[in-house]
Colleague: 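Encoded as C-alpha cells, here's the structure I'll be asking about.
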There are 2 protein chains.
Amino acid sequence: MAVTLADVAARAGVSSATVSRVLSGGYPVAGATRSRVLRAVAELEYVVDGPASALAAASSDLLGILVNDIADPFFGIIAGAVQSELDSGADASVPHKLAVVCNTGGSPERELTYLTLLQRQRAAAIVLTGGAVEDPAHRASLAARLRRLTAGGTRIVLCGRPPLDPPEPGTEAAAVPEAGPVAEPAVRPVPAARGRGARRLARGAVLTVAFDNRGGAHALTEHLLTLGHRHIGYIAGPSERTTTRHRLAGHLAALAAHGAAGPDRAERLTVHAGGYDRSCGYRGTVELLCRAPETTAVLAANDTVALGVCAALRDAGLRVPQDVSVAGFDDLPFSADAAPGLTTVRLPLQEAGARAGQLALGTRPAPPGGTTTVPHALVVRTSTAPPRAGA
Amino acid sequence: MAVTLADVAARAGVSSATVSRVLSGGYPVAGATRSRVLRAVAELEYVVDGPASALAAASSDLLGILVNDIADPFFGIIAGAVQSELDSGADASVPHKLAVVCNTGGSPERELTYLTLLQRQRAAAIVLTGGAVEDPAHRASLAARLRRLTAGGTRIVLCGRPPLDPPEPGTEAAAVPEAGPVAEPAVRPVPAARGRGARRLARGAVLTVAFDNRGGAHALTEHLLTLGHRHIGYIAGPSERTTTRHRLAGHLAALAAHGAAGPDRAERLTVHAGGYDRSCGYRGTVELLCRAPETTAVLAANDTVALGVCAALRDAGLRVPQDVSVAGFDDLPFSADAAPGLTTVRLPLQEAGARAGQLALGTRPAPPGGTTTVPHALVVRTSTAPPRAGA
DNA sequence: CTGTTAGCGCCTTCAA
DNA sequence: TTGAAGGCGCTAACAG
C-alpha cells in the first residue's frame, strides 16, 4: 500500500538499517549517506509506519490524557497545556508524541475501558485529570490497572486528583478495602534526601500534580465570613468525587473555625446538585432558596455552576451581589467577563497541565514524595459584597 | 514484557490463530473452545498489542481530530461529539476506536505536522474541525497531503470548514494556483441520483459537514437593522480564515441589501482584532469606539469575543443594550447565562460533530455531493435592543 | 560507519 | 472448526 523503508533504502542505495538510523537520529551516519537518504525520503514522500516501529521498538509515541468532559474548558485548558509540552519537547529529529484525549464523561467504567485501550496501544504515558470517583471498588480496580500499566513501563501522572496511595489523611481510610492480592503500595515514601538520588522515584511510581481544593474553598468561605455573611449556601458538585468532597470539606472547616454554623445548619445550606454544569447550579439554587430563604451568599462547586446560580438568582428577582453574593471556583476565562465579575479561586490549570506533561515525558524530575500541590489564589471580583443591612 | 497471544493459546490449549479468531470475532469458533480461550484471557489479564495487530492487519483503530484550540468550548464540544460516536459504534467485540485530539493552535504548519503524525499512525480516519487558513500555498499542501491520506485509505471529514475543492463559489478562485501535479479533484460532482448507489462516493472522497457562517451573520445583521441600527460595528476574527471571511461576508451582504452602508463606511466599522478570544474583543472594541463613536451595535466574531466586547463597553461607561447592542456567534453554553443574555447565532456543534464522527466511521452514508451544511438559528436574547432615540 | 540477521506480536491464507 | 506457517515494516544487536 505504501512506500516502505526498503523502498527508500533501495532508492538511496543503502540498507534499510541505515535509513532507519538516519530517521531515528542519535546514531552516527556519514553526512553524504545521510543526505542521500533524506533526499530519497523526500522524493518518495516516505512516512514511517508507526505501528511497525512501535512493535519493533516495543514503545510508542502516544500519550493518553483522560478527562471527564472535554467540552469543559477546565479540562480543555489542562489538556492543551499537557499537549503543548509534547510539542516543545520535540526537536526536528525526535518525533513528536501524539496526545490521545479520552472523554470519560465522569464514568468510572469508561475510565477503566480507556485505560485498557491505552494499554493496548502501549502508550508511553497517561495523564489522568480531574477528580477521582471515590467508590472503593473502583478505587481498587483503578489502582490495580495503574499498577499493571506502570509495571509495563507506562508513566502515570495524576493531575488535579489526589495521590493514589496511601489513602488520604483525615478520612475514613480504614473503610477502604485493600486493593486485592497485589496490594503493595504503588508509591513508597521516599527516604530522606541523600543528594541528587533523592529526586529519583522508583520506576512504576505514580506521580501527582494536586490542586489545593480544600484550601481554596476555605479561603473563599473565609472571604464571605469576613464580609459578614452568616447564611452561606453551598451548591456541591457530583457526589462521590474527590474534588467535590475536598471543596466541601474546606468550606465546612472554615465555617467551623468561625463557629458560624452547626453541622445541622451547614447541611441544610448544602445542596448536592449532582454535576458541574450550569443547569445544576440553576436547579440547586432554586432548591436552596426554597430550603433556606435567609441565604445571603452562595458558593458554587465551580465557575460554570456559579453561572447557573446567578441566572437562578436573577430569575428569582434577586440581585448579585446586592441581595445575594455568589462565588465560583477555578477562575475559568469567562469568569472575569461575567457580569458581575465572578469572585472565585484561581487554579493554575495551565501550569498544572504543563507540569503533568513534563512529568509524563520525563522532562522534569519527579517531586519528592511523587506529589506536587499547586497553589490556589483567591480572586475577589464584584459578585461578592457585604450582606444587606436588613439580612 | 507482557502476556502475548501465544501465552493465552498455551494456557487454553489451542493455537494462537484460534485465540486471534476468538478475539477478533466474526469467525466461527466452537463454543467450548471460545469460552476456554476467554477464560485464559481473563486469567492472564491479556491485552492485545495494538501496534502489532495494526501492523499485521494494516489498519489501526485511531481516529484523529484536529482542532484549533482545545481549550475553546467550541472545539471541545465538537471533539466530544465526535468521540461519543466512537463509543456508541462499538459493541463488546469490536474494539473501541481511540480519538487522537491534536491542537494546532491555528498554525498551518502544525496542521500539516499533525497530519503526517496521524498518517504515520495509520489513522483510520481524520476529522479536521474549524475554519481553514486561506493562504493558497497552505491550501495546496493541505490538499496534497489529504489526497495522499485518502489514497492510503484514511477517511477524511471536514467539520465546520468549507469543502476542499472545487474552490468556493463567488471568490477569486482563479487566483488560487492549482494544487501541484496531482491536481485531480478530490471530490467529483456526483451524477444525478440513480437509486441507492447515488449515495456512495468514490473511495478517497473528502466529506464535509459545513456551517452556514454566511447565512448566520446575515441573519444577525438583519436582526440589528430591523431593530433600527445603522451604525453597526464588526469585530472580525483572525484574518485569512474561512470562518472569519464568511461571517464577515454575510454581514456585509446584509448591509448592502439594506443599502445601509457604503463599502467605505463598512470598512471603517470593521475591526480585525486578530483572534477568537475575549482580549481581541476588548481591544477591538476600544479601537472601534475610537474610530466610530457613533456605533450603536457591535457584532462579534464569536461569543467569546462578544464577552470581551461587553467588558470594553462597560469599562467605557456604556450600557448593554441601552447604549450599545452586542451580538455573538456560536451560542456556546455560557452565552445564555451572560448578563445580559447574549443574542447570537446557534450552530448545532454537537450534532455537527456527531455527524462528522459517523461519516468518519462510515456509520452514516455520505451525503450527496459529499457535503452537508447544518442549519443555523438566530437566538435573540437581551443584549440587543433598538438604538436610543438620540443616537 | 554500514550491512546482515533476527525477531517484535499478530493476522491470515492454506491445509487438514 | 482448528493448526501451521509466512510475513506485515521496522529496530536492534552483531559483525564487518
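No experiment lies behind these values; they were computed from the predicted model shown. Letters A, B, ... mirror the listed sequences (proteins, then strands); counts begin at 1.
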Colleague: Roughly how many Å is it from CZ in B:Arg36 to C1' in D:dG3, rounded to a whole number?
Modeller: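 For the pair B:Arg36 CZ and D:dG3 C1', the rounded distance is 14 Å.
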Colleague: So which of A:Arg148, A:Arg147, A:Arg145 actually passes salt bridge (charged side-chain N to carboxylate O under 4.0 Å, His left out) with B:Glu45?
Modeller: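 Of the listed residues A:Arg148, A:Arg147, A:Arg145, the salt bridge (charged side-chain N to carboxylate O under 4.0 Å, His left out) partner of B:Glu45 is A:Arg148.
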Colleague: Would you say A:Thr18 reaches C:dC1's phosphate, i.e. side-chain N/O to OP1/OP2 under 4.0 Å?
Modeller: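 Answer no for this pair, as no side-chain N or O of A:Thr18 is under 4.0 Å from OP1 or OP2.
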Colleague: Nearest nucleotide by nearest heavy atom, which residue falls closer to the 5' end of DNA chain D, B:Ala56 or B:Val14?
Modeller: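 Comparing both residues, the 5'-ward one is B:Val14.
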Colleague: Look at the side-chain N and O atoms of A:Ser20 and state whether any lies under 4.0 Å from the OP1 or OP2 oxygen of D:dT11.
Modeller: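 A:Ser20 to D:dT11 OP1/OP2: side-chain N or O found under 4.0 Å.
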Colleague: Using side-chain heavy atoms (C-beta onward) and a distance below 4.5 Å, is A:Leu98 in contact with B:Cys102?
Modeller: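 When only atoms from C-beta onward are counted, B:Cys102 and A:Leu98 do touch, with a gap below 4.5 Å.
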Colleague: Is it the case that the side chain of B:Ser16 and the backbone of B:Ala6 share a donor-acceptor pair, with hydrogens and angles ignored and the cut-off at 3.5 Å?
Modeller: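 Checked: no pair found.
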Colleague: Can you work out whether B:Ser16 or B:Arg34 has the more 5'-proximal nearest nucleotide on DNA chain D?
Modeller: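 Its nearest nucleotide lies further toward 5', so the answer is B:Arg34.
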Colleague: Of the candidate nucleotides C:dC1, C:dC10, C:dT12, which contains the atom at the shortest distance from the side chain of B:Ala52?
Modeller: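 So the nucleotide nearest the side chain must be C:dC10.
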Colleague: Can you measure B:Asp49 atom CG to C:dC8 atom P for me and round it to whole angstrom units?
Modeller: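 About 12 Å, once rounded to whole Å.
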Colleague: Compare side-chain N and O positions of A:Thr33 against OP1 and OP2 of C:dT2 and report whether any pair is under 4.0 Å apart.
Modeller: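 Answer is yes, contact under 4.0 Å.
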Colleague: Can you tell me if B:Ser15 touches the phosphate of D:dG3, counting only side-chain N or O atoms and a distance under 4.0 Å to OP1 or OP2?
Modeller: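 For B:Ser15, the contact criterion (side-chain N or O under 4.0 Å from OP1 or OP2 of D:dG3) is met.
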Colleague: Please check this pair: side chain of A:Ser24 against backbone of A:Arg21, looking for a donor-acceptor N/O pair closer than 3.5 Å.
Modeller: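 No, because the side chain of A:Ser24 does not come within donor-acceptor range (under 3.5 Å) of the backbone of A:Arg21.
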Colleague: Can you tell me how far P of C:dC1 sits from OH of A:Tyr27, to the nearest Å?
Modeller: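 After rounding, the reported distance stands at 10 Å.
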Colleague: Answer with base, sugar-phosphate or nothing: what part of the nucleic acid does A:Ala17 contact at a heavy-atom distance below 4.0 Å?
Modeller: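 The residue A:Ala17 makes base contact.
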Colleague: Spell out yes or no: do the side chain of A:Arg122 and the base of C:dG9 have one donor N/O and one acceptor N/O closer than 3.5 Å?
Modeller: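 No.
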Colleague: Considering only heavy atoms from C-beta outward, does the side chain of B:Val22 approach that of B:Thr33 to under 4.5 Å?
Modeller: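 The answer is no, as the side chains (C-beta and beyond) never meet within the 4.5 Å cut-off.
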Colleague: Rounding to a whole Å, what distance do you find between A:Leu23:CG and D:dT11:C1'?
Modeller: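 My rounded result for the distance is 12 Å.
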Colleague: Could you tell me how far apart A:Arg21 (CZ) and C:dG3 (C1') are, to the nearest whole angstrom?
Modeller: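 Interatomic distance, CZ of A:Arg21 to C1' of C:dG3: 7 Å.
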Colleague: Could you check whether B:Leu5 gets within reach of a base, just the sugar-phosphate, or nothing at all, counting any heavy atom under 4.0 Å?
Modeller: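 Counting heavy atoms under 4.0 Å across all strands, the contact made by B:Leu5 is with sugar-phosphate only.
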Colleague: From CG of B:Leu55 over to P of D:dG7, roughly how many Å is that when rounded to an integer?
Modeller: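 About 14 Å, once rounded to whole Å.
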